[in-house]
Amino acid sequence: MELDTALLSRLQFAFTVSFHIIFPSITIGLATLIAIWEGLWLKTHDPRYLQLAKFWIKPFAITFGMGVVSGIVLSYEFGTNFSKFSDIVGPVLGPLMAYEVLTAFFLEAGFLGVMLFGWQRVGRKLHFFSTVTVAVGTWISAFWIIVANSWMQTPQGYIIVDGQFHVADWFEVIFNPSMPYRLMHMLLASFITATFVVAGVSAYYLLKKQHIPFAKKGLSMTMWIALILTPLQAFIGDQHGLNVQEHQPTKLAAMEGIWPAQEENVPLLLFAMPNMETEQNDYELGIPHLGSLILTHSMDGAVQGLKAVPPEDRPNVPLVFWSFRVMVGLGFGMIALAVVALWLRKRGSLYNQKAFLTALALFTPSGVISVLAGWYVVEVGRQPWLVYNLVRTSEVVSPLPAERVLFTLIGFVVIYTLLLGVYLYFMRKLVKKGPPSMSHLEEQLIGMKAPGYALAWVKNLKHEDGAK
Amino acid sequence: MDLVLFYFLLLGFAVLMYVLLDGFDLGVGILYPWFDQEGERDHLMRSISHVWDGNETWLVFGGVVLFAAFPAAYAGILSTFYLPIILMLFALIFRGVAFEYRFKAHRSRPYWDFAFSAGSATAAFCQGLILGSIIQGVNAEQISEASWYWLSPFSILTGFSVMAGYALLGASYLYMKSRNRIQQHAAYLAKRLVIIVMLAMLIVSLWTVLSSDAIRARWFSGWNFLYLSPLPILAIVCAILAWRGLQNTAHEIRPFWMAAGIFTLGFAGLVVSLFPYLLPNQLTIWQAASPDTSLEFLLVGIVIFVPLILAYTLWGYRVFAGKVEDYQEGY
C-alpha cells in the first residue's frame, strides 16, 4: 500500500487531539465542582464538602497533568505536520492561541501549585481564591480554543493577501457565527462530563456500601446539577444544530444522512448505513417528517442534502452520522437518568435503588464518550476542509516523507495507549482508596488553623463515621 | 520601536525564561541517577513538583509567540526538525506524568524514576540538538530527503552541552533548596558542572566562529569584539562567583543566580551571532513576520498580561520559599 503523508498526518492529529480532549473535558467541570465544594465548606464549615473537595482534587490533579502533557504536543503539531496551514493562517490563529496561553495556561499553572500543595502555606480564603482561579482559567482556555476552532468552521473578518489570511476585523474573527453556540455547548458538556464522573463513583460506593455519607452527598448534588444541565444542553445542542444548518449545510446533511440535493420530507433516521458509493442510505429506518420538523420547525421544510456538493467536497458520512447518534443517544440517556433520580428522590429511594445506581455507575464515562463523538461530528464533518470552504486539508500538510510520519504515529499510539492504561489504573486505585477519613481531615484542619467550631464538627463526624 | 523587533525580543525573553525555569527542573531530573536513595529522590521531586507545570508553560508560550508573530518560521522550524521535536515531546510526556504517578505508585516506582530522569535528559538533549542544527543551518530540501540531517558532531555536542547546563541549574537549585547530605552532594556535582559547562561553551563558541564566516565577521570585524567582550568576561566572572558560593553554604542562593547569569550571557551571545535570522541564511525576522494587524492585536494582551504573569509566578515561588520540607504536604 502506498503511504500517504496527508492521511497519516491527519490520523496522527486526530489521534492526539482525541486523546487530549478526554482530559480537559473532565477537568473544566471538575475544577468548577471542586471550587463549589471548597466555597460551600468555607461558608458552612460542613466537613463533608471539604471531604468532597479533598477527595476529588486527586483525580483532578492526575487528569490535569495528562491534559498538560498531551496539550503541549498539540501546540507544536500544527507546525510539525501542517506547516503550510500554520504559515497561511498563523496571523489569525496564532494570536488567538497566544491569548489562550497569556490569559489561561499561565493562570492555571500559576495557581495550580497553591491549589494542590498550598493548603497549609496560605490562608483558607487565599486557597479558595487559587482554586477558583484555576477553574476560571480552564473556562478562559476553553473560550480561546473554541474561538480558534469556530473560526475554522465559520471564517469571517479576514482578507487574503498573497495566499495568507490577514485579519480585517478582530471582532468579527472572535465573534464568528458558530462561536457562541459551540462555546456554550462545550462548557456545558464539560460540566456534565464531570457531573457524571462524580455521580458514577458515588453510585459505585453506594452499591458497595462504602463511604455512605460521602457518597450520598456527592450523588445528591450531582443529580440536582444534572437535572438542570442535561435538558439545557439538549436545547443548546438544538440551537447549535440550526446554526450548523445555516453555515455548514453539508455537515448537517452528513449528520442526518440526507442525500438528495434538496429534500422536503426529511425523516428523523433512527438507523441507517450511509453508503458513499451509491449515494444513499442502506437499511434505513426513520420517522417521516420529524427531521424537517426539528430542523426547520415545519412539517415539510426543505433541507440541503449531500448531493448539492460534488463528492470530493463531502466528509466521511457514516462516521459523522454515527458519531452524532452516539452523542445524542448518550445525551438522552443522561437526561433520563436525571429525571429518574428526581422521581426516586421523591420516593425516598435515591440511594438504594440498585438498578439505578448500576446504570449511573456504568454512565461514569458517558460524558467523555459524548464529547469525543461530538468533536468527531464537528471535525470530521468539516472535512475535506481545514478552514471551511477555503483551505483543503490535503493541500496544507508538511512536505514530510510518509515513513517519518508513520514512525511518529506508531510512537504516539504506543505511548498514549500505555498512558491511558496507567491513567485508568491510578484512577481506579484512587477510587478504591476512598475519600480521606474525618480524622485525616482533622489533622489537616489543625494545619490550616481552622476555627474551633469547624474542628468540633469534624470531631463529631469522626465518631459518627467510626460508629458505622 | 519596530514591532517586529519587539516580537523578536519577546520571543527571546520567552525562550530565556523557559531555559532558566524548565532548565532547573529538567536539570533535577537529569541528576536523578546521582541521588540513589528513595528518600533523596522523594526530596528532589518534591522540590519541583509545584513549579514544573508553570515552567513548561513558557515552552508553550514560546511556541505560540513564534506561531503568532513569525508563522513562516514556526512552520519552517517545526517541520524541519520534525523528529527531534516529536522525540522531545515524547520525553516531556514521560517526565510530566511521572510527577503525578510516582508518589502514588509502589511497585512501579522504579519505572517512574526512570521515566522521569530519562525523559528529562532526552528532552534537554533534543533541545540542544535543535539549537545546534539551527546554528549550523539547514536547507529546505533536506527535510524531504535524509532523515538524520539534524544529527551532526556539532549538534550532538550542543545536545550534551544543554544537558550539562540544565544539570548545573538543577544542582545549584538543589543547593539552595536542600539541607545536609543532599545539599553537600549538590555542591559537589555543581562544581564539576561549572567546569564542564564553561568548557562546553568555549568549544561551541570556537567551533561556531571557525565554521561560519558570517558569525566570525559578526564577532571579530572592526571593533566588534571590544563591544562584545563583556559577554564572555561576565560569564567567567559568574562562573567564579558560582564556584565560590558552592564552597560556603552561607552563600547558598548565589550559585543558582550565577548559573542563570551564565545561561543568560550565553543566550545573548547566540542572539548576537544569529540576528536577524530565525533560520540562518534563510529567513529573517522581517521576512517571517505576521502583518501589523496581528502584531498590534496581540501587543495589547502582552502589555497587560506578561507583567501580571510575572507577578503571580513570583508570588507562587514565594509561597513555597525556603527549604523543601520532607513531611507529607499537599493534596
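Per chain, numbering begins at 1; letters A, B, ... match sequence-line order. Remember, predicted model here, so these are calculated numbers, not experimental data.
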Q: Examine distances only and state if a side-chain atom of A:Tyr76 and a backbone atom of B:Ile86 form a donor-acceptor pair shorter than 3.5 Å.
A: no
Q.
Which one wins on heavy-atom pair count under 4.5 Å against chain A: B:Ser49, B:Gly301, B:Pro291?
A. B:Pro291
Q: Please tell me if the side chains of A:Asp87 and B:Tyr74 come closer than 4.5 Å, counting only heavy atoms from C-beta onward.
A: no
(Q) Quick check: do A:Ile62 and B:Lys104 have side-chain heavy atoms less than 4.5 Å from each other? (A) yes
Q) Is any side-chain heavy atom of B:Phe297 less than 4.5 Å from a side-chain heavy atom of A:Ile174? A) yes
(Q) Taking the ring of A:Phe106 and the ring of B:Tyr312, is the distance between their centroids below 6.0 Å? (A) no
Q) Side chain, backbone, both or neither: which part of A:Leu112 has an atom under 4.5 Å from a heavy atom of chain B? A) side chain
**Q.** chain B interface, residue from A:Val92, A:Leu102, A:Val101 that has the most non-hydrogen pairs under 4.5 Å
**A.** A:Leu102
Q | chain B contact via A:Phe407 - which portion, at a heavy-atom distance below 4.5 Å | A | side chain
Q. If we only count heavy atoms from C-beta on, is the A:Leu107 to B:Phe305 side-chain gap below 4.5 Å?
A. no
Q) Side-chain contact, heavy-atom cut-off 4.5 Å: A:Phe82 with B:Leu78? A) no
Q. Would you call the rings of A:Phe78 and B:Phe67 parallel, tilted or perpendicular, where under 30° means parallel and over 60° means perpendicular?
A. parallel
Q | Min side-chain heavy-atom separation A:Thr80-B:Phe81 under 4.5 Å | A | no
Q) In terms of heavy-atom proximity below 4.5 Å to chain B, should A:Val161 be classed as side chain, backbone, both, or neither? A) neither
**Q.** chain B contact via A:Ser130 - which portion, at a heavy-atom distance below 4.5 Å
**A.** side chain
Q.
Does the plane of the ring in B:Phe90 sit parallel, tilted or perpendicular to the ring in A:Phe412? Use 30° and 60° as the thresholds.
A. perpendicular
**Q.** Exercise: identify the closest heavy-atom pair between A:Val69 and B:Leu92
**A.** CG1-O, 4.0 Å
Q) Considering only heavy atoms from C-beta outward, does the side chain of B:Ser294 approach that of A:Trp170 to under 4.5 Å? A) yes
Q: Please flag which part of B:Ile304 lies under 4.5 Å from any non-hydrogen atom of chain A: side chain, backbone, both or neither.
A: neither
Q) So, do B:Val97 and A:Phe426 sit near enough that their side-chain heavy atoms are less than 4.5 Å apart? A) no
Q | Part of B:Val51 lying under 4.5 Å from any heavy atom of chain A | A | neither
Q.
What part of A:Gln164 gets within 4.5 angstrom of chain B, counting heavy atoms only: side chain, backbone, both, or neither?
A. side chain
